[in-house]
Amino acid sequence: MAAELTSTKLNAENHLLLDQPLLRLPHELARKNFKSVQRIVEREREYILPSLKATASVSRCNGQTPDQTLAALDAMISRMQGLKRKMENLQQEEKNIHGQSKKRIQHLENLHHIHSLADVKYDQWSRVRLDRLVADYMLRSGYTESARQLAHEKDVEDLVDLNVFIQCQRVAESLRRGESKDALQWCNENKAALKKSQHNLEFELRLQQYIEMVRTGDKGKLVEAMVHAKKFLSPYIESQSTEIHRAAGLLAFPRDTIAEPYKSMYAPDRWSYLSDLFVRTHHELLSLPSRPLLHIALSAGLSALKTPSCHSAYTSSSSNSLSTTTTVCPICSTELHELARNMPYAHHTKSYVETDPIVLPNGRIYGQQRLLEMSKKVGCVEVGKVKDPTTGEVFGENELKKVYIM
């Protein structure tokens, strides 16, 4: 009874290892929102205070007419009203972030009130988490409308990062179409954070703009490309000297060149590379995992099931029409086969094997008694013959070899 209670006891901390991004993202969004407020206030302060001081000084010295003074004050008031509207929008965004964080914390808090894996409340909580993981996978795969509908029907909209992934997909798609405007705007909005990034997204985007200018072959565009390189590429000379030297050499090669690395620089698939680079940089800045959470959860479960017999040279019963068994191994299934390939094997401290194991000529091991009984039930096997239930091969009983567990 004690062992049964131990096995069904819920360890909330282990469950929450997978759900760290659930709280990290709102924190990053709140921090980004605060930085936006700080930046806007500082910019407006640098304009308003000197303007107000200058207007007051000139008015005291009778250097302006009353109409000019009123016009200057009206301009400052209009600017302050614009600041107020921006601040109201940012305040509303902050309220939305705090509301989202509150619901996510409540969702995780519910887990700490469940003490057993057998509790029906745990099934309900797990179902909500599964809906979240599926929606996250859809968003990362580009199925934004399906993810939105799923989140709405399952009432998990505040637990799924819909807007973040939709905006990310919009910029990524624009890069695949050969447009860099949206990505550069995103870089400008996150300039401070990008300085700490391990990816050189802005440099790569500026380099691509340079490449597109050179691609035209027009003399005017070549001059424009050199000006562009001096302004946007030269600041990276210390960290990207090799790429900048290659960019300079690109001026001497036409777009149909076969010489490397210039052929690769002209290649259209650089836009796909930039799109993937943007997604990686975006996820890094917002503390989002690079892989779908569904894959991470599946990997943990697959590792617990994987044995050395998985990914063997022999096909599983799920893919063999001659097999007499119907059990499908998740590791060997078509859907999860590749995902499980690089997973480590499960660590088992106890081994459960048949009491009379034998090995067939094809290398597969079964319990002798169970194999003989199964072969008799099949009915289509000759006397003195046995059938491999997985591969469908037939062997003589004299070909069976006894296996001894060491």
Side-chain angles (χ1 to χ4, degrees), residues 21 24-25 27-29 31-36 38-39 139-140 142 161 164-216 221-253 255 257 259-292:
R24 280 184 179 178
L25 181 61
H27 170 74
E28 293 296 331
L29 293 177
R31 186 177 62 82
K32 180 181 177 182
N33 191 73
F34 174 77
K35 292 291 184 181
S36 298
Q38 190 178 39
R39 184 170 60 252
L139 288 168
R140 290 171 181 267
D161 308 307
V164 171
F165 280 105
I166 289 174
Q167 292 174 5
C168 177
Q169 287 293 331
R170 178 178 58 80
V171 178
E173 286 297 328
S174 70
L175 286 171
R176 291 192 186 97
R177 294 194 303 268
E179 302 170 3
S180 58
K181 180 181 177 181
D182 291 341
L184 284 171
Q185 182 180 349
W186 183 87
C187 288
N188 186 54
E189 294 172 355
N190 298 273
K191 186 177 291 290
L194 284 173
K195 292 180 180 178
K196 302 177 182 179
S197 173
Q198 62 178 345
H199 304 298
N200 298 304
L201 176 62
E202 185 173 4
F203 170 79
E204 293 290 346
L205 291 171
R206 295 298 185 183
L207 176 60
Q208 188 63 35
Q209 284 184 318
Y210 170 86
I211 292 171
E212 296 305 318
M213 294 176 191
V214 177
R215 189 194 302 275
T216 63
K221 284 290 184 182
L222 292 179
V223 173
E224 188 179 342
M226 288 187 282
V227 174
H228 175 89
K230 185 177 181 180
K231 181 179 180 180
F232 295 109
L233 301 185
S234 57
Y236 296 90
I237 189 64
E238 292 185 2
S239 59
Q240 301 292 333
S241 59
T242 302
E243 291 295 324
I244 292 176
H245 291 154
R246 289 176 178 175
L250 194 68
L251 293 167
F253 292 86
R255 60 185 178 185
T257 181
E260 291 291 356
Y262 309 107
K263 180 181 178 181
S264 299
M265 295 176 74
Y266 277 125
D269 59 5
R270 254 190 67 85
W271 287 106
S272 297
Y273 161 74
L274 290 174
S275 178
D276 294 338
L277 180 63
F278 166 75
V279 172
R280 292 198 298 271
T281 306
H282 175 272
H283 291 357
E284 177 192 326
L285 259 61
L286 295 181
S287 298
L288 290 169
S290 57
R291 298 173 59 199

What closest approach, in Å, do [X] and [Y] show between heavy atoms, and which atom pair accounts for it?
X: Leu250; Y: Val214; value: O-CG1, 3.8 Å
X: Ser174; Y: Val171; value: OG-O, 2.6 Å
X: Tyr262; Y: Arg246; value: CE2-O, 3.2 Å
X: Leu285; Y: Glu28; value: O-OE1, 3.6 Å
X: Leu175; Y: Ser180; value: CD2-CA, 4.0 Å
X: Ala259; Y: Phe253; value: CB-CE2, 3.9 Å

Check for a donor-acceptor pair, side chain of Thr216 on one end and backbone N or O of Met213 on the other, with a separation under 3.5 Å. yes
Side-chain (Arg215) to main-chain (Tyr266) donor-acceptor, under 3.5 angstrom: yes
For the residue pair Gln169 and Ile166, establish whether any side-chain heavy-atom pair is separated by less than 4.5 Å. no
Heavy-atom distance under 4.5 Å between the side chains of Leu139 and Asp161, does that happen here? no
Any Lys/Arg nitrogen of Glu212 or Lys221 sitting under 4.0 Å from an Asp/Glu carboxylate oxygen of the other? no
Carboxylate-amine/guanidinium contact Glu179 Lys181, below 4.0 Å: no
Take a 6.0 Å sphere around CZ of Arg255 and say whether it holds more than 12 heavy atoms from other residues, nucleotides or ligands. no
Heavy-atom count check: over 12 atoms from other residues, nucleotides or ligands less than 6.0 Å from Glu238 CD? no
Return a table of donor-acceptor pairs under 3.5 angstrom between the side chains of residues 223-236 and protein atoms on other chains or two or more places apart.
unit_1 : atom_1 : unit_2 : atom_2 : d
His228 : NE2    : Arg206 : O      : 3.0
Ser234 : OG     : Lys230 : O      : 2.3

Contact list for residues 192-203, test salt bridge (charged side-chain N to carboxylate O under 4.0 Å, His left out), sequence neighbours left out: Lys191-Glu202
Please find out if less than 6.0 Å separates the ring center of Phe165 from that of His282. no
